[in-house]
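I have placed the structure first, in the form of C-alpha cells, so that the comments after it can refer back to it.
Chain letters run A, B, ... following the sequence lines, proteins first and then strands; every chain starts at 1. Both backbone and side-chain heavy atoms feed into the values below; hydrogens, waters and symmetry mates do not.
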Number of protein chains: 2
Amino acid sequence: MAERRSATIKDVAAAAGVGIATVSRVFSGTGSASAATRERVLAAARELDYRPSALGRGLKLRRSGGIGLVVPDVTDPFCAEVVAGVLACARTLGGHVIVDAAHGDPSREAEIVDRLVEQRVDGIIALPAGEEADWRAAARVCSSVVFADRVLPGLADVPSVLADDAGGVRSLTEYLAGLGHRRIGFLGGAPGRPRGVRERAFRDTLAQLGVPVEEDLVVAARPARDAAYAAAAGLLQRRADVTAVLAAGHLLGEAAVLVARELDLRVPADVSIAMMDDVAWAELCDPPLTAVARPGHDIGYRACELLLREPARRGRGGPVLLPTELVVRGSCGPLRSARR
Amino acid sequence: MAERRSATIKDVAAAAGVGIATVSRVFSGTGSASAATRERVLAAARELDYRPSALGRGLKLRRSGGIGLVVPDVTDPFCAEVVAGVLACARTLGGHVIVDAAHGDPSREAEIVDRLVEQRVDGIIALPAGEEADWRAAARVCSSVVFADRVLPGLADVPSVLADDAGGVRSLTEYLAGLGHRRIGFLGGAPGRPRGVRERAFRDTLAQLGVPVEEDLVVAARPARDAAYAAAAGLLQRRADVTAVLAAGHLLGEAAVLVARELDLRVPADVSIAMMDDVAWAELCDPPLTAVARPGHDIGYRACELLLREPARRGRGGPVLLPTELVVRGSCGPLRSARR
DNA sequence: CTGAAAGCGCTAACAT
DNA sequence: ATGTTAGCGCTTTCAG
C-alpha cells in the first residue's frame with residue numbers, strides 16, 4: 001500500500017485523456033465542456049480520488065476563499081453564538097472560517113490578525129478588544145474588516161453589526177424603574193471600553209425618568225469572573241439599600257446572583273436582579289432571571305453577509321443595529337422596602 | 001492613495017537589492033544570511049509592508065500549516081471548551097485552525113471534511129457524529145485524523161483523546177447509591193451512539209453494588225433540548241418513585257432541573273439530581289448541581305498536540321484517557337422516602 | 001553567503 | 001469545445 005501523494009489536476013487530465021484546462025473548467029464550473037468529456041473527467045477524478053487544491057487555486061486567484069474570525073473567547077456563550085452565526089453564513093456562501101481567540105490581549109489580537117493576513121483571508125470579522133492603531137493598520141492591509149458586537153471609538157469607518165445595547169439597557173432600566181425601584185445598582189464594563197454605551201444608556205434613561213443617578217451605585221469591572229464578583233460584592237455590601245441590580249453582561253449577572261446568595265438576600269424579595277445577555281442559565285436560575293436577549297447568532301450571520309456578500313453596502317449609513325428583546329422572568333419584583 | 005496589491009517576495013528582493021532566495025531564507029529562518037543582508041531585507045520588507053503569502057508557501061510545501069476542527073456545535077459549552085483547548089495548542093505550535101460545526105448531520109460532516117481536505121490542512125480533529133465509512137475515507141485521504149471526546153466504534157485505529165466518562169458515571173452512581181438511593185433514573189444519549197459507554201458504566205456500577213437495574217429507569221434521548229426535556233418528563237412522570245436522577249450530559253441535566261421544577265419536586269428533598277459535565281450554570285442553580293467535570297480544554301489541547309507534535313506516538317496504546325472529577329454541591333441528598 | 005532556476009497545482013487568456 | 005501557455009508567490013536544489 002504505497003503512500004501516494006494526492007492526485008493533481010495533471011493526473012486527472014492524463015487519466016481522462018484531456019488537457020488540464022478542461023479539468024479545471026469541469027471543477028470550477030466555469031466555461032463549457034461537453035457532457036461526454038465532463039463525465040470522463042469526473043470518472044477519472046473519482047478513480048484517482050482527486051481533490052482540487054485550494055492552495056493552487058488560491059495562489060492563482062490571490063485569495064483563499066476563507067475568512068478570519070477574531071473573538072475574545074470562544075467559551076463565552078455570547079461569543080459562541082456569534083461564531084455559530086458566522087459559520088452558518090460562511091457555509092451557505094461556501095467559505096471556510098479561521099477562528100482564533102485573543103482573550104482581551106491587544107498584542108495577541110494583533111498577532112492573530114497578522115497571521116490571518118498571511119493566510120490571505122478574504123476578510124476579517126472581529127469582536128475587537130485591542131488597539132485602534134493595530135486595527136487601523138489591519139483595515140488598511142486587509143481587503144476588508146467588519147466589526148461585530150462592538151466597535152472601536154476611533155474607527156467609525158469600519159462597517160459593523162451591533163446589538164442595540166442602548167435600547168436593551170433602556171428597557172431594562174425602565175422596567176426596573178416601573179416596578180418602583182429608585183436605588184438601582186449598575187454593574188458595568190471596564191471604564192473606557194465600548195461598554196460605555198451601556199452605562200450611558202442607563203444614566204440617560206434614569207435622567208429621563210427623573211430618577212437621580214447616584215455615582216456610588218454605578219460600578220465597573222473588567223470582563224472576568226473574579227473582577228465581576230468583586231464588583232458585585234462591593235456594591236451590594238457597600239450599599240445595603242439598593243433594591244435592584246442591573247448587570248450589563250452575563251458575567252456580571254452571574255456575579256450578582258452569586259453575591260446575593262452569599263449575602264442571604266432573597267431574589268426578588270430583597271433585591272431584584274436583571275441583566276443583559278439572555279444566556280441559557282438565566283432560565284435555570286431560581287428564580288429565573290429577567291434578561292435582555294441580544295441576537296448573537298444574527299450578529300455573526302449579518303456580519304459575515306456584510307463582509308462576503310455586500311461589499312458595496314458596507315459602511316453605508318453607519319452600523320447595522322439589531323434589536324434586542326426583554327425577556328421577563330421572575331427575578332424582579334415590585335419595590336417593597338429597604339433591606340435594612 | 002493607490003489600491004496597491006500587497007508586496008511579494010520579489011518586490012522585497014528588488015528593494016533590498018538581493019535575490020528572492022535570500023529573502024525567503026530570512027523569513028523562513030532556514031539557511032544562513034549575513035547580519036547585514038538580513039537587516040537590509042527586513043528593512044525593505046517593513047518599508048513595503050510585506051507579508052509572506054501562506055498560499056505560495058503552502059503550494060510549494062504541499063501543506064497549509066493549518067488544521068481542521070469539526071465539532072457538533074460551537075455553542076455547546078463543552079464543545080466550546082474543546083475548541084478553546086485546540087486553539088491554545090495550535091497557537092503555541094504556530095498553526096491556524098479552521099473550525100466548522102456539523103450539527104449532528106453526517107452528510108454535512110462529510111462535506112466539511114471534504115472542504116478541509118481541499119484546504120490541505122495538516123490534520124483534522126473531530127468530535128465525530130457521522131458515518132464510519134466517511135471517516136474511514138477521511139482518515140485515508142487526510143494526512144491524519146484525531147478523534148476528541150468521542151470515537152466511532154469501528155475506527156479503533158484512529159488515535160483519540162477522551163475523558164474517562166465511564167469513571168465519571170461510576171463515581172456519580174456510587175455517590176448516589178452511597179446516599180441510599182436505589183431507584184435511580186438514568187437519562188442517557190441516543191441508543192447506538194458512543195454514549196453507550198455511559199449507560200454501560202451505570203449498569204455495571206449498579207450491578208457491582210448489588211442494586212438491581214430496572215429497565216424502566218434507563219431512558220435515552222437525542223442530544224437536543226426538546227428530546228432531553230421529553231425524556232426527563234417521561235421518566236419523572238412515569239416513575240413517581242425515582243428518588244434520584246443521573247443525567248449523562250448537561251442538556252439532560254438541564255432538562256431534569258426544569259422538569260423537577262415543573263412537577264414541583266423539591267431538589268434534593270424529593271429528588272436528587274446529578275449530571276455529567278460541570279458547566280457554568282451548575283453552580284448558579286438553586287440548589288447548585290452536583291456534577292462530574294470533564295476536562296474539555298485539556299482534551300482539545302492534547303488532541304492538537306497528538307496531531308501536530310507527536311505523530312509518532314499516535315494511536316499507540318489506545319485512546320488517551322483524561323480523568324474526570326466529581327464536584328459535590330447541594331443537589332443530592334440522602335434517601336428519605338418515596339415521593340408518594 | 002548568495003543568486004538563478006525549476007517547479008508546487010491551479011486559472012485564465014489565447015489559440016485552435 | 002478543448003488544448004497550450006504563462007504565471008500566481010514561495011522554497012529549494014544547485015552553482016558560484
Problem - Base C:dG3 to side chain B:R25, donor-acceptor N/O within 3.5 Å cut-off - result: yes
Side chain [X], main chain [Y], donor-acceptor under 3.5 Å:
X: B:R40; Y: B:A16; answer: yes
X: B:S28; Y: B:S24; answer: yes
X: A:E109; Y: A:A102; answer: no

Handout entry: Atom of A:Y50, atom of A:T8 and distance for their closest heavy-atom approach
Key = CE1-C, 3.6 Å
Exercise for the section: Write down the atom of A:R51, the atom of B:V141, and the distance for their closest heavy-atom approach. Expected result: NH2-CG1, 4.1 Å
Hey, does [X] reach any base, or is it just sugar-phosphate, or nothing, if we go heavy atoms under 4.0 Å?
X: A:I20; answer: base
X: A:V23; answer: nothing
X: A:A33; answer: sugar-phosphate
X: A:I9; answer: base

Report the distance from atom [atom1] of [X] to atom [atom2] of [N], rounded to the nearest whole Å.
X: A:L61; N: C:dC8; atom1: CG; atom2: P; answer: 20 Å
X: B:E118; N: C:dG9; atom1: CD; atom2: C1'; answer: 13 Å
X: A:L48; N: C:dG9; atom1: CG; atom2: P; answer: 13 Å
X: A:R63; N: C:dG9; atom1: CZ; atom2: C1'; answer: 17 Å
X: B:R120; N: C:dC8; atom1: CZ; atom2: C1'; answer: 11 Å
X: B:K60; N: C:dC10; atom1: NZ; atom2: P; answer: 15 Å

Practice task
Applying side-chain contact (heavy atoms from CB on, under 4.5 Å) between A:L308 and each of A:V146, A:T92, A:I125, A:L93, report the one that passes.
Solution key: A:L93
Problem - Phosphate OP1/OP2 of C:dT2 contacted by B:T37 side-chain N/O (<4.0 Å) - result: yes
Handout entry: A:S24 vs C:dT11: side-chain N/O to OP1/OP2 distance below 4.0 Å
Key = yes
Handout entry: Of B:T22 and A:G56, the one whose closest DNA chain C nucleotide lies more 5'
Key = B:T22
Problem - B:R62 vs B:R38, nearer the 5' end of DNA chain C by closest nucleotide - result: B:R38
Fill in the blank from the handout: Taking for B:S28 and for B:K10 the nucleotide of DNA chain D with the nearest heavy atom, the one nearer the 5' end belongs to B:K10
Practice task
Could you tell me the separation between the CZ atom of B:R120 and the OG atom of B:S64, rounded to the nearest 0.5 Å?
Solution key: 9.5 Å
Problem - Terminal contacting nucleotides, 5' and 3', DNA chain D versus chain A (heavy atom, 4.0 Å) - result: D:dA1 to D:dG9
